[in-house]
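Before any comments, here is the structure.
FYI, side chains are in, hydrogens and waters are out, and symmetry mates aren't considered; it's all heavy atoms of this structure.
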Amino acid sequence: MKFILKLAKIVLIFIFCSLLFSCGTSDDPGDVIIPDNTLNNFILNNSNYAVLATALNRTSLDSVLNITTQQHTIFAPNNAAFNSFLSEKNYTNINDVPLDELENYLRYHIQPGASTLSEFPDGYIRSLGVGNASNRLLSMYTATADDSFFINNEAEVVLAQGDILLDNGYLNPISTFLSLPSISDFLLVSQQNSNQSFASIFAEYSAEDYLDILESEDVVYTILQASEDAVATYLAENNYAEIADIPQTELQAIIDNHVIPQENLRTDAIEDTLQVTTNSGAILKFFENDGPKIQLQNEEIITIVTPNIQAVNGVIQEVDRIIKE
C-alpha cells in the first residue's frame with residue numbers, strides 16, 4: 001500500500017513538472033509567432049517583388065507590414081517598375097537611394113487600413129508619404145474606369161488582379177512606380193477628363209509656362225483651382241466657346257488671382273480668419289462657415305469644395321468659382 005501511494009505521488013509530481021515546463025516555454029513573454037500570410041511575407045515569397053522586399057527590409061517597413069494588429073493596403077510595384085524608377089533617378093541599385101527618400105517613396109505606396117479597391121473614391125485620398133512643402137500627408141488621386149483602377153492617372157491596377165486579401169490587409173500589384181506628385185501633376189489629373197479644366201487655363205497662357213513652374217520642388221505655392229463647373233460657368237457668362245477664346249491679359253488676371261506664392265495654405269490652419277495675398281496683390285480672407293470659405297475684397301464669398309489636396313511642393317484648394325475682380 002505504501003509503495004502504491006509513493007508511486008502515485010511520484011506520478012503527480014512528474015505531471016506537475018511537465019505542465020510547469022510546458023507553460024514556461026510556450027507562454028514565455030517575448031515569444032513571437034509570425035503569421036504565414038502577412039503582406040510582408042507575401043512579398044518575400046513572390047519573386048516578382050524581390051526589389052520591393054529588399055527596399056522594405058532596408059527601411060524597416062517590412063516589420064510594419066508583418067504586424068497583424070495593424071491593417072494596411074499596399075500598391076506593390078513589381079521588379080520592372082522598381083528598376084525603371086532606379087534607372088530614371090540614376091541609381092545603380094536600391095542601396096544607392098538615400099534611406100529617408102526611399103522610405104518616403106515606399107510610404108506613398110501604402111494606405112492606412114484595409115480597403116478594397118471598390119471602397120476608394122473617384123477622388124482624393126491620403127497616403128503615408130510627405131512632401132517638401134509640409135509635413136502633412138501627401139494626397140493621391142484614385143479613379144475606376146472600365147476594368148482598371150488608376151492612381152494619379154499614372155499607375156494602373158487591373159481589377160481582376162487586385163484586392164489580394166492577406167492577414168493584415170490588401171495587396172494590389174502595379175507595374176508603374178508611383179512618383180511623388182507635384183501641383184502640376186494634380187492639376188493635370190483633372191485635365192484627363194475635360195478640356196475645360198483649370199490646368200487648361202495655365203496651358204493656354206503663353207507668356208509663362210506655369211505648369212512647368214508648378215512642377216518644381218524648389219518653390220511652394222497654394223493654388224485655388226477652379227472646378228470644371230466653375231470654368232464652364234465662367235465661359236458661358238462671358239460668351240466664350242472655349243478657354244482658347246479668353247484673351248491673354250484676362251488669363252493672366254485669372255491666374256494671378258488663383259496663385260498664392262510661398263504658402264502651403266491648408267484649411268486646418270484657419271482659427272478665426274486667415275488673411276493671405278495672391279500673386280495679383282488681392283487680399284483674401286479664409287474662414288469657416290459650414291465648411292471652408294474665402295471672402296474676396298469685394299466681399300463676395302466663394303466656397304472651397306475640395307480642400308487640402310497636398311502635393312510635394314504645395315497645396316491645392318478647389319473652389320466653386322473663378323476669381324476675377
Side-chain angles (χ1 to χ4, degrees), residues 120-126 138-145 150-153 181-205 210-211 214-215 221-246 250-260 263-270 274 276 278-280 282 284-311 313-325:
F120 289 107
D122 281 358
Y124 290 96
I125 58 176
R126 288 189 301 175
L138 291 172
S139 299
M140 176 184 289
Y141 184 85
T142 60
T144 302
F150 294 95
I151 308 164
N152 295 347
N153 284 341
S182 68
I183 289 175
S184 284
D185 292 329
F186 282 144
L187 290 172
L188 291 169
V189 159
S190 60
Q191 193 178 42
Q192 302 293 323
N193 303 320
S194 171
N195 59 2
Q196 293 187 349
S197 71
F198 198 67
S200 299
I201 290 178
F202 284 110
E204 285 293 336
Y205 183 60
Y210 270 101
L211 290 176
L214 296 174
E215 185 73 27
Y221 290 99
T222 296
I223 303 298
L224 307 177
Q225 175 186 349
S227 67
E228 289 183 22
D229 287 342
V231 174
T233 298
Y234 184 85
L235 293 174
E237 288 176 349
N238 291 276
N239 297 315
Y240 296 130
E242 56 186 359
I243 291 173
D245 294 338
I246 303 175
E250 191 171 330
L251 285 174
Q252 181 177 3
I254 292 170
I255 291 170
D256 285 343
N257 280 328
H258 285 258
V259 174
I260 301 169
E263 294 273 5
N264 190 85
L265 180 61
R266 296 176 56 90
T267 59
D268 42 28
I270 300 172
L274 183 63
V276 298
T278 68
N279 213 38
S280 67
L284 306 180
K285 292 180 180 179
F286 287 66
F287 66 99
E288 283 280 347
N289 183 9
D290 294 326
K293 293 180 173 55
I294 302 172
Q295 181 179 340
L296 309 182
Q297 286 181 285
N298 61 10
E299 298 190 348
E300 289 186 36
I301 304 297
I302 65 175
T303 298
I304 298 175
V305 292
T306 306
N308 305 326
I309 303 168
Q310 186 64 57
N313 58 340
V315 67
I316 296 172
Q317 307 290 350
E318 186 180 20
V319 296
D320 67 346
R321 59 161 287 189
I322 283 182
I323 303 170
K324 183 176 180 294
E325 297 186 276

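Tested against Ile183 for a side chain to side chain contact (heavy atoms under 4.5 Å, CB included), the candidates Leu211, Leu214, Leu188 yield a single pass: Leu214. Between Gln225 and the choices Val305, Ile316, Ile304, the side chain to side chain contact (heavy atoms under 4.5 Å, CB included) rule is met once, by Ile316.
One finds the CG atom of Leu274 at 10.5 Å from the CG atom of Asp268 (value rounded to the nearest 0.5 Å). The line from CD1 of Ile223 to CG of Leu187 is 6.5 Å long, rounded to the nearest 0.5 Å. One finds the CD atom of Gln295 at 10.0 Å from the CG atom of Leu284 (value rounded to the nearest 0.5 Å). Expressed to the nearest 0.5 Å, how far CD of Gln317 lies from NE2 of His258 amounts to 13.0 Å. Distance CG/Leu251 to NZ/Lys324: 10.5 Å, rounded to 0.5 Å.
You'll find the side chain of Phe150 stays beyond 4.5 Å of the side chain of Thr144, heavy atoms only. Considering only heavy atoms from C-beta on, Ile322 comes within 4.5 Å of Val231 through its side chain. Annotation: side chain of Ile294 is not in contact with side chain of Lys285 (no heavy-atom distance under 4.5 Å).
Under the 3.5 Å distance criterion, with hydrogens and angles disregarded, no donor-acceptor pair is assigned to the side chains of Tyr221 and Glu263.
For the side chain to side chain donor-acceptor pair (under 3.5 Å) test, residues two or more places apart in sequence or in another chain that qualify with Thr267 are Asn308. Listed by chain and number, the residues in a side chain to side chain donor-acceptor pair (under 3.5 Å) with Asn279 are Asp256 (sequence neighbours excluded). Judged as a side-chain contact (heavy atoms from CB on, under 4.5 Å), and not counting sequence neighbours, the contacts of Ala230 are Ala226, Ser227. Qualifying salt bridge (charged side-chain N to carboxylate O under 4.0 Å, His left out) partners for Glu300, counting only residues two or more places apart in sequence or in other chains: Arg321. Shown here are the side-chain contact (heavy atoms from CB on, under 4.5 Å) partners of Glu215, two or more places apart in sequence or in another chain: Ser182, Ser184, Asp185. Every residue two or more places apart in sequence or in another chain was checked for a salt bridge (charged side-chain N to carboxylate O under 4.0 Å, His left out) with Asp290, and none qualifies. A search for side-chain contact (heavy atoms from CB on, under 4.5 Å) contacts involving Ala232 returns Gln196, not counting sequence neighbours. Applying the side chain to side chain donor-acceptor pair (under 3.5 Å) criterion to Gln310, with sequence neighbours excluded, gives Asn264, Arg266. With sequence neighbours left out, Phe202 forms a ring pair (Phe, Tyr, Trp, His ring centres under 6.0 Å) with Phe198, Tyr210. With sequence neighbours left out, the side-chain contact (heavy atoms from CB on, under 4.5 Å) criterion links Thr142 to Phe120, Pro121, Ile125, Met140, Phe149. Under the rule for a side chain to side chain donor-acceptor pair (under 3.5 Å), the partners of Thr278 that lie at least two apart in sequence or sit in another chain are Ser280.
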* Is there a side chain to side chain contact (heavy atoms under 4.5 Å, CB included) between Asn152 and Phe186 once you walk through the steps? -> CA-CA 7 Å; Asn152 295 347; Phe186 282 144; 3.7 Å; yes
* Asked: Do Ile254 and Tyr205 pass the side chain to side chain contact (heavy atoms under 4.5 Å, CB included) test, and can you show the C-alpha distance, the side-chain angles, and the key distance before you say yes or no?
  -> CA-CA 10 Å; Ile254 292 170; Tyr205 183 60; over 6 Å; no
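Here the shortest heavy-atom pairing between Ser139 and Tyr124 reads CB-CD2, 4.2 Å. Here the closest non-hydrogen pair linking Phe286 and Ile270 is CB-CD1, 3.8 Å.
Here the side chain of Asn238 pairs no donor or acceptor atom with the backbone of Leu235 at under 3.5 angstrom. One N or O on the side chain of Asp320 and one on the backbone of Thr303 form a donor-acceptor pair closer than 3.5 Å.
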